[in-house]
Amino acid sequence: MNDESLKKLICEMLGSAGGDGRLSPNQIGKAAGGDPAGPKPAWRALLRQIERVALVLEAEGALVALRKGRPVALAEAKGVLRFAATPDH
């Protein structure tokens with residue numbers, strides 16, 4: 001999957017996210033076509049690309065990264081993250 005396709009997918013998923021409106025990188029990877037079966041699921045290979053595209057979306061103001069429910073700068077964030085759409089998008 002190329003970056004533009006992944007960017008579109010992330011935006012669509014954020015726009016239709018149910019519950020608390022937050023997505024994990026794993027959810028995005030699985031939706032991008034990664035196969036959850038096998039010793040190393042295919043979606044894990046997409047995690048770096050997802051992070052790279054999320055950085056672009058964050059710079060565009062379309063996405064915010066959350067750590068323990070609080071906004072964090074994605075470039076400096078460590079640990080378990082979730083993504084949410086910004087209120088403007």
Side-chain angles (χ1 to χ4, degrees):
M1 176 171 277
N2 65 37
D3 285 0
E4 271 308 305
S5 297
L6 187 57
K7 183 177 175 181
K8 183 179 177 185
L9 175 67
I10 292 171
C11 289
E12 288 172 0
M13 289 182 71
L14 288 172
S16 64
D20 61 6
R22 300 172 184 176
L23 298 171
S24 71
N26 298 0
Q27 289 172 297
I28 297 166
K30 290 174 185 175
D35 182 6
K40 184 174 182 185
W43 58 264
R44 286 188 182 184
L46 297 172
L47 292 179
R48 295 282 182 228
Q49 183 183 10
I50 290 166
E51 184 178 335
R52 185 176 63 243
V53 171
L55 280 165
V56 171
L57 288 169
E58 180 184 51
E60 293 174 355
L63 173 145
V64 62
L66 303 168
R67 168 95 171 116
K68 296 185 179 182
R70 296 192 175 129
V72 295
L74 186 54
E76 300 168 10
K78 296 189 187 319
V80 178
L81 298 174
R82 298 264 185 213
F83 301 133
T86 57
D88 300 342
H89 286 81

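Residue numbers count from 1 along this sequence.
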Does some side-chain heavy atom of Leu6 sit less than 4.5 Å from a side-chain heavy atom of Ile28?
yes
How many angstroms lie between CD1 in Ile10 and CZ in Phe83, if you round to the nearest 0.5 Å?
7.0 Å
Minimum heavy-atom distance between Arg22 and Ala84, given as atom pair plus value
CG-CB, 4.3 Å
All N/O donor-acceptor pairs, side-chain side in residues 45-58, below 3.5 Å, sequence neighbours left out:
residue	atom	partner	partner atom	Å
Gln49	NE2	Met1	O	2.8
Gln49	NE2	Asp3	OD1	2.8
Arg52	NE	Asp3	OD2	3.4
Arg52	NH2	Asp3	OD1	3.0
Glu58	OE2	Leu74	N	3.1

Can you find a pair of side-chain heavy atoms, one from Leu14 and one from Leu63, that are under 4.5 Å apart?
yes
Smallest heavy-atom separation, Val64 atom then Thr86 atom, equals N-CG2, 4.1 Å
Sequence neighbours excluded, every pair satisfying salt bridge (Lys or Arg N to Asp or Glu O under 4.0 Å) that has a member inside residues 5-19:
Lys7-Glu60
Under 3.5 Å: donor-acceptor pair, side chain of Arg82, backbone of Gly69
no
